[in-house]
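So the structure is just underneath, and the comments pick up after that.
Throughout, a chain's letter reflects where its sequence line sits, starting with A, and its residues are numbered from 1.
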Amino acid sequence: MKARVTVTLKSGVLDPQGKAIEGALRSLGIDGVAAVRQGKVFDIELDGGDRAKVEALLKQAADKLLANTVIENYHVEVLG
Amino acid sequence: MKARVTVTLKSGVLDPQGKAIEGALRSLGIDGVAAVRQGKVFDIELDGGDRAKVEALLKQAADKLLANTVIENYHVEVLG
Amino acid sequence: MKAAVLVFPGINRERDMARTLRLTSGREPAMVWHTEHDLPAGTDLVVVPGGFSYGDYLRCGAIAARSPVMDAVRKFAAGGGLVLGVCNGFQILCESGLLPGVLMRNENLRFICRDVFLKVERSDTPFTRGYNAGQVVRVPVAHGEGNYIADGETIARLEGDGRVIFRYCGPDGMIDPDWNHNGALNAIAGIVNDGGNVLGMMPHPENHVEADIGSTDGRGLFAGLAEALKKAA
Amino acid sequence: MLANDVKITPELVAEHGLKPDEYQRILDLIGREPTLTELGIFSAMWNEHCSYKSSKVHLRGLPTKAPWVIQGPGENAGVIDIGDGLACVFKMESHNHPSYIEPYQGAATGVGGILRDVFTMGARPIACLNALSFGAPEHPKTRHLVSGVVAGIGGYGNSFGVPTVAGSVRFHKRYDGNILVNAMAVGLAETDKIFYAAASGVGMPIVYLGSKTGRDGIHGASMASAEFDDNSEEKRPTVQVGDPFSEKLLLEACLEIMAKDCVIAIQDMGAAGLTSSATEMGAKGNLGVTLDLDKVPCREEGMSAYEMMLSESQERMLMVLKPDKEKEAEAIFRKWGLDFAVVGETTPSMRFIVKHHGQVMVDLPIKELGDSAPEYKRPFVSLEKPAPIDAGAIEPPGSIADALERLVATPDLCSKRWVWEQYDHIIGGNTVQRPGGDAAVVRVLDGPKGLALTTDVTPRYCEANPFEGGKQAVAECWRNLTAVGATPLAITDNLNFGNPERPEIMGQFVGCVRGIAEACKALDFPVVSGNVSLYNETNGKAILPTPSIGGVGVIADFKKSASLAFKKEGEAILVVGETTGWLGQSIYLREICAREEGAPPPVDLIEERENGEFVRSLILDGAATAAHDLSDGGLLVALAEMAMASGIGAKLDAAPDDIPGHAYWFGEDQARYIVTVPAQAVELVMARARKASVLVSRIGTTGGAAVAIDGQRALAVPDLNERSEGWLPGYMAGRD
Ligand SMILES: Nc1ncnc2c1ncn2[C@@H]1O[C@H](COP(=O)(O)OP(=O)(O)O)[C@@H](O)[C@H]1O
Ligand SMILES: [Mg+2]
């Protein structure tokens, strides 16, 4: 079973990375970029096939490890 | 207009971070994790509303900067 | 030796590098700002120093590799000019396509600052003529992403062509996973391009050029370069 | 006209951490109800963190002057003259609560903040240090906190490009719910090019520089002074995110415009951001300030005046520029890609006025805002001091060797390599003595001068006897600088305590401060900067009193500095100072006997000074080949450290008959050092000691591959090393 956990910064939290990338895109001549926020994805392969169980497991993983819930949100998607 | 560029490691490329997270998940007692690969997402806000144009622009941005195409794949998704 | 040291926003070892170039060649290098389109006339060595260009925020060295000055460096290298990239400089050279491969997070995912031992694989390059082949030198590393990786074909080519110049080793010169602090493939610490005129390396020879501060093991690289360039001139 | 949109209720006042009488003080001061923004401003300016309201009266007792002090406490950082037209600028500051809530960002922004304090004064940072106190290793959060804090300190300093050269790490259950993260930064400037916060001249442009303002850390300053409870994890969004890249640009841009003589006054935006920086510049210069918030560069939309005034977004500065240099300064900031905006001006009115969307949101008397902050003489009691313990009544270990084996692998005494290898400690190319010794030594410019740097405190001594503990912290700091051959010059202090509203905590505070003052006076070692962190409690349980002392010393020729590693086989090992076998409050008692009891070792400051001066003279004239001060773990732990650092063993005489063996080897008598000298020099050194009335005794000889006490099992140096090096990595990897 495959799943993807996407971790993004909460809105309002400073994103130095996004800011630097924004600037770099502009100086590369890529116009029209108003804002960039950088996040992470984790592509995870799991043994076992119970969708609901896997989802619960990954929420736990995100809470405990993959996301820093003080400043980040996450989203779990089981791809089957 | 909003878009998301997702950058993932090509298969075959070693991912020390993913490997470490794999181990960490196991030691947290999260069972059944067979493999983890870490990637990045860029949430981008753009001025201008031509979907096709925005898509082309972002492909260019990914090719030029956001992805290192030697080791990474990317995927552009215009969310409207 | 007319060295040019590139300065990108966020670079932080440019002063260390400039001091070392001055100490070892007797000549003050030119500091070149990233927005420049040309290198100073007469430049015979380009140095891309260490640091955190652009905070290393996207991928290490990625943003700096796309600065205007790097076009000038590419041209300079294509003409056979000598280019040395150290630490972030190595990462920038890889990102700019001047060297193959990438530098990933250290295997233990932590930043590591310590002295390491390097085996000098060849002494017949302008960068290593100050050393003997097989010599072991002690120099510091200070990086979070120095784990060199490339695809199998590239590694085979690098090894086949003798383009691996420095390797992490034990004090006795043995290549041993215990002494490969960042997990680099084949313990690779430094490589050259196929022309042999562009060197990228993770360790900091510029921080070991004085007996009272660390050691003098890094001197050979700079002294050798100065000599090579004197001969060429 | 003041826009008084929100009714100020007692609940709102309480939420702002202001007591009813403090609110009354505000009403009396301004003669009307404050606006919400004004209330926010008062709460930020009058909280403990900014106003020092509980500590001020006691801090006045600290000695702050010496001929070499250029700037004592009161500016962003202290400044001392180190000769040759150079000044050393330094300060230590805590980021305790933010680091508990978000260890990486909390610690990182702590480093960012203290670096800003130093370069605001015109100094280029040349070194960082840190003093860390974590909970018990077995506490479920400790590992996560250690990992995050260390990565955060490294993450910021490494990227910014300053070497982190020394520090301390301790573990104790009393920090379980409230860790301490104290960061110190040290910079260099020319003595005649120091920059200060006081504005001067009316109608001068006030310029905002650096990163944009977001809603980061609003109430951050208040949080730093609020006692923790179990709900504290709910306060998370107030955590700021650090951006070392922007700060590095800010550093370069600031130093560049300072060199071009553009700056009249400068103040960084730290706690209470725009509010405290703007009012301080005005108040110190006897001027009013008017700010127009419509000009403030913002990262988020729709920020209110309240939010902008209290935001603690990092990497920002406020400056008063010379009007004719404004364009030049702006060009420099643009070159570095930083925001630059004129956001206000100085006025003759002595009022602090803030406008937003054309409305006056704040109109307050600028001087009184800071000067009228409440000041408390809080009641304090001194608890009864524990009596000294008779060493003879303390059970001996199975064997001295067993005890040493255990001690070198205890959390407090083991090697901290796992920590400092994550810090770039060599960038700059000036680190003469790296972490792992008594004090770091950093070359000044191209030499030959060097600076010695260290942080010290022994909290268990402070708890048992605050006055003696305060003295000891200063003395140990002085001793560590001396042990590398430096002349100690001045300190910064970071006073971490519990809730000052409890008389017994206030008693600890007062006792420690008095002890610090006494030692500073006796050792000519003034306090030039510092920071107070109170309310370090969880559910009413206070931390151990922890006044971290950061010391700076100077050595004329860095090449003469001594290190603790044995240099050669066959050299004589000498102990300087008197050994009585003091086991009260010792590490031995705690780790081997599981008792935290007794009086801590007293510090005789005259002896401290005499012994130190003697050791320094041995180092500087080349007589001593290695030197190490004695502290936690006493004589045998120190000897083991010298052996481990070198790989050379030691052959040691048996303990004298009149002191129990374990008390002799592990007692923590103060004012002591170990030095090694070539065997043939012993006579001469002994003669010098007699002349200086300093007690010196020979206890053994270097050599062999083991630490071997006559009549005891010998301990191979590599085994000791393995134990000492093994504990922390093993613990962090989850093997415990
Ligand atoms: N957090 C830290 N950062 C940098 N260096 C550290 C840290 N903790 C400990 N060290 C280094 O480890 C060594 C031992 O620390 P400590 O036992 O506190 O020394 P001492 O008792 O001599 O003050 C010192 O060199 C110190 O600088
Ligand atoms: Mg010491």
Side-chain angles (χ1 to χ4, degrees), chain A residues 3-48 54-77, chain D residues 98-106 108-109 112 140-141 144 147-148 151-152 155-156 159-160 210-218 232-250 297-303 307 311-316 334 336-339:
Chain A
R4 172 170 281 186
V5 179
T6 310
V7 176
T8 50
L9 274 180
K10 287 185 179 166
S11 65
V13 174
L14 173 70
D15 179 11
Q17 315 237 10
K19 211 170 65 176
I21 294 165
E22 232 173 86
L25 286 174
R26 271 188 216 120
S27 61
L28 277 177
I30 308 236
D31 294 326
V33 173
V36 179
R37 309 266 298 164
Q38 179 171 340
K40 294 180 203 145
V41 289
F42 300 92
D43 288 323
I44 305 182
E45 267 180 61
L46 297 117
D47 312 327
V54 162
E55 206 169 300
L57 205 67
L58 289 177
K59 283 215 166 118
Q60 209 189 327
D63 270 322
K64 279 200 189 165
L65 182 74
L66 302 177
N68 176 351
T69 50
V70 179
I71 49 174
E72 293 171 329
N73 294 320
Y74 64 84
H75 173 77
V76 173
E77 195 181 356
Chain D
S99 301
Y100 183 78
I101 290 171
E102 210 313 276
Y104 184 97
Q105 295 297 347
T109 50
K141 287 198 98 154
H144 161 76
S147 161
Y156 206 100
S159 173
F160 178 83
S211 296
K212 293 190 198 316
T213 297
R215 291 189 173 91
D216 314 77
I218 291 172
S232 56
E233 318 220 344
E234 296 303 306
K235 294 177 188 160
R236 281 168 162 182
T238 59
V239 165
Q240 312 105 296
V241 169
D243 180 359
F245 170 57
S246 291
E247 179 131 313
K248 164 78 171 157
L249 304 182
L250 191 57
C298 285
R299 192 174 84 227
E300 297 178 61
E301 272 168 46
M303 286 189 65
E307 290 170 324
S311 162
E312 294 197 347
S313 290
Q314 300 286 299
E315 293 88 26
R316 303 180 300 161
R334 301 276 179 231
W336 288 100
L338 295 165
D339 268 297

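- Looking at R299(D), its side chain never comes within 3.5 Å of a backbone N or O of V13(A) through a donor-acceptor pair.
- Note that CG of L14(A) is 8.5 Å distant from CD of Q105(D), once rounded to the nearest 0.5 Å.
- Closest heavy-atom contact between D216(D) and G12(A): OD2-O, 4.5 Å.
- Here I71(A) contributes atom CD1 and Q240(D) contributes atom CD; the two are 11.5 Å apart, rounded to the nearest 0.5 Å.
- There is no contact between D15(A) and chain D, counting heavy-atom distances below 4.5 Å.
- For P16(A) against G242(D), the heavy-atom pair with the smallest separation is CG-O, 3.8 Å.
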